[in-house]
Amino acid sequence: MTSNRHFDINATQVWAKLHQHQRATRHLLMRDLFAADVQRFQHFSLELDGLLLDYSKNRITERTLALLFELAQVADLSGWMQQLRQGSRINVSENRAVLHTALRLPASEQLCLDGRDVVPEIQAVLSRMQRFSEQIRCGEWQGFTGEPIRDVVNLGIGGSDLGPLLVKEALAPYAQSNLNVHFVSNVDGQHLAQTLQGLNPATTLFIIASKSFTTPETLLNAQAARQWFLQAGSTADIAQHFVAVSTNLAAVKAFGIDPAYMFGFWDWVGGRYSVWSAIGLPVMLAVGAEHFRAFLQGAYAMDQHFFRAPFAANMPVLLALIGIWYNTFYRAHTHAIMPYDHGLRRLPAYIQQLDMESNGKRVGRYGELLDFDTGPIIWGEEGANSQHAFFQLLHQGTRLVPCDFIIPMNSHYPLGEQHQVLVANCLAQTEALMRGKSEAEVMQELAALSGEQLDMLLPHKLFPGNQPSNTLALSKVTPYTLGMLLALYEHKVFVQGIIWGINSFDQWGVEYGKQLARRILPELSTASAAACKHDSSTNGLIRFFREQQHDGYQ
Ligand code: G6Q
């Protein structure tokens, strides 16, 4: 099936059966399913190394899952998993292998790509990262005045920012306190300027993180950082204060960074899958090599589980299929990610890129137009804050919004009863979304009212319920469990891409805007007399920009 270029999943019998099954079961209420099966939690949950997935609060039955597993079989998911595992060139539009899982293999393993074992190279980079981070962390690496480094600023965007930023924040309890790690991604000068405020060039190290080393946002920030540094240090001092993470040696050299301080990775690591590579250097600097390796081990454990477990006991496969059930068969437009952990507050943004850049596609792997719904809009916010913001719509709005709730069972900061309150809130939300509140229950609550007053209030107090959610409960946010969690989502996205027939590893959709920005940039110049040849809106906005520059507006 894998090699069949014209395979249409939506033309299969199981596809039609799933549509039929959706029509036949869409009126089922989850509260009734729970009442009918007191063991529903046991039947629809799964634990692996301190990570529990409870998927019982979904609009599914055993039959739904059986059909979804059949769908996965028809799509030859096992065959594709095998290809991922061995690094086949499944990124067809870029003719690249996909091998981010190799980044978390233990040193004792082997994995050959084009006849060459990639594991020793990966381990060599990890060892160099380790030596470097130990030098920085113990103060042996000195800035140009002989002082140790106190601040590290990672300059990178997209995949060269979101992963390391999330992991560094999530693992803050493991960080060394005398080293501050900052992230600057936006080309908006505010981001760099505000970050550099109060930093001392003599004790600051910049990591220029760019796989391609051609990304304008990152290179502009890198140049601005160099200017800032050269106000205090000299060109000869740059080697002690600028290092690079990239696959582009020539461009790194051209920027003036000594190749000895470049940490490399490979074209078979996609940007949004790169936190496990040298892109994780700021994380290693913050938490140390031992914890970074534990992070890789957690991901490796999830990889092993994914590659080996049968579909019915396979966390990424289950999450993916349940997602497809809603996205494609219920036509739910969005999927919310709700981490009940302040350290994981950037998780929605991270998964937004992982999922939407991978599966936000309307053509299949071989260019064919898909006539069904694919990747959802991913959004979310940390709990409990989100409860006081948008949960109203989840409980009483008109949309179907499947949610993932992510919550650690133990906190690194056990202040009084706060963690119990957080957990209670999280569980209460999933319960309320599932069961809703019936008319009889509301009537009971409003027993003191009658007549018009009761009629007026009743509809406002009803909760339809039947809103699906998964709960991912971690024993604690540790490097290991975090590695498992992120690898879980990577594989979920992979499985969905396979079933929809998408290439999840390219991102052509982000190119067009970049192209047009290059054309517009010279036209913004107030000295430019050239007539703008865009639509009247874009022309008008360009003209307004020019006028505002003349008027000296800030
Ligand atoms: C991720 C994308 C994208 C990329 C950034 C930064 O999968 O490809 O987000 O990570 O555009 O690219 P560089 O690392 O090459 O600067």
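Note that ligands are numbered from 1 as they come in the structure, with each ligand's atoms numbered from 1 the same way. Note that the structure is predicted; figures quoted are calculated from it, not measured. We count residues from 1, following the sequence as given.
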- [ ] Measure from atom 11 (O) of ligand 1 to the protein's non-hydrogen atoms and state whether any distance is below 4.0 Å.
- [x]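 Given the 4.0 Å limit, the answer for atom 11 (O) of ligand 1 is no, no protein heavy atom qualifies.
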
- [ ] Would you mind telling me which of Tyr480, Trp276, Tyr174 makes a ring pair (Phe, Tyr, Trp, His ring centres under 6.0 Å) with Phe295?
- [x]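 So the option named by the test is Trp276.
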
- [ ] Check the pair Arg293 / Glu290 against salt bridge (charged side-chain N to carboxylate O under 4.0 Å, His left out), numbers first and verdict last.
- [x] CA-CA 5 Å; Arg293 286 181 190 272; Glu290 198 184 322; over 6 Å; no

Open item on the list: Can you tell whether the side chains of Glu169 and Arg346 come within less than 4.0 Å, N to carboxylate O?
Closed with: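 Answer for the salt bridge query: no.
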
Task: Nearest-option assignment for atom 4 (C) of ligand 1, heavy atoms, candidates Gly159, Gly270, Ser185 - done: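 Heavy atom nearest to atom 4 (C) of ligand 1 belongs to Gly159.
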
Task: Identity of the nearest option to atom 5 (C) of ligand 1, non-hydrogen atoms only, from Leu354, Ile157, Leu155, Thr247 - done: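 Checking each option, the heavy atom nearest atom 5 (C) of ligand 1 is found in Ile157.
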
Task: Where Gln86 and Leu111 come nearest, the two heavy atoms and their spacing - done: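 Reported closest heavy-atom pair: O-CD2, 4.0 Å.
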
Could you tell me which atoms of ligand 1, counted from 1 in the order shown, lie closer than 4.0 angstrom to a heavy atom of [X]?
X      : answer
Gln507 : 7 (O), 8 (O)
Thr215 : 12 (O), 13 (P), 15 (O), 16 (O)
Ser160 : 10 (O), 13 (P), 14 (O)

TODO: List for me each residue that meets side chain to side chain donor-acceptor pair (under 3.5 Å) alongside Asp258, sequence neighbours excluded, and say none if there are none.
DONE: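 Per chain and number, Asp258 pairs via side chain to side chain donor-acceptor pair (under 3.5 Å) with no residue.
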
TODO: Measure the distances from the heavy atoms of Gln353 to every atom of ligand 1 and state whether one is below 4.0 angstrom.
DONE: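 Per 4.0 Å heavy-atom rule, Gln353 contacts ligand 1.
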
- [ ] Considering heavy atoms of the protein only, find what lies nearest to atom 2 (C) of ligand 1 and give residue, atom and distance to 0.1 Å.
- [x]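 Heavy-atom neighbour on the protein nearest atom 2 (C) of ligand 1: Glu357 OE1, 3.1 Å.
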
Open item on the list: Are Phe505 and Tyr273, when compared by the centres of their aromatic rings, separated by less than 6.0 Å?
Closed with: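 Close enough - the centres of the two rings lie under 6.0 Å apart.
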
- [ ] Looking only at distances, please establish whether an N/O atom of ligand 1 is found under 3.5 Å from an N/O atom of Gly158.
- [x]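 In this structure, Gly158 places no N or O atom under 3.5 Å from an N or O of ligand 1.
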
- [ ] Check whether any N or O atom of Ser212, backbone or side chain, sits under 3.5 Å from an N or O atom of ligand 1, and answer yes or no.
- [x]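 Yes, since at least one N or O of Ser212 sits under 3.5 Å from an N or O of ligand 1.
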
Which pairs of donor and acceptor atoms, one on a side chain in residues 183-191, lie under 3.5 Å apart (sequence neighbours left out)?
from, atom 1, to, atom 2, distance (Å)
Asn186, OD1, Asp188, N, 3.0
Asp188, OD1, Gln190, N, 3.0
Asp188, OD2, Gln190, NE2, 3.2
His191, ND1, Ser185, N, 3.3
His191, ND1, Asn186, N, 3.2
His191, NE2, Phe183, O, 3.1

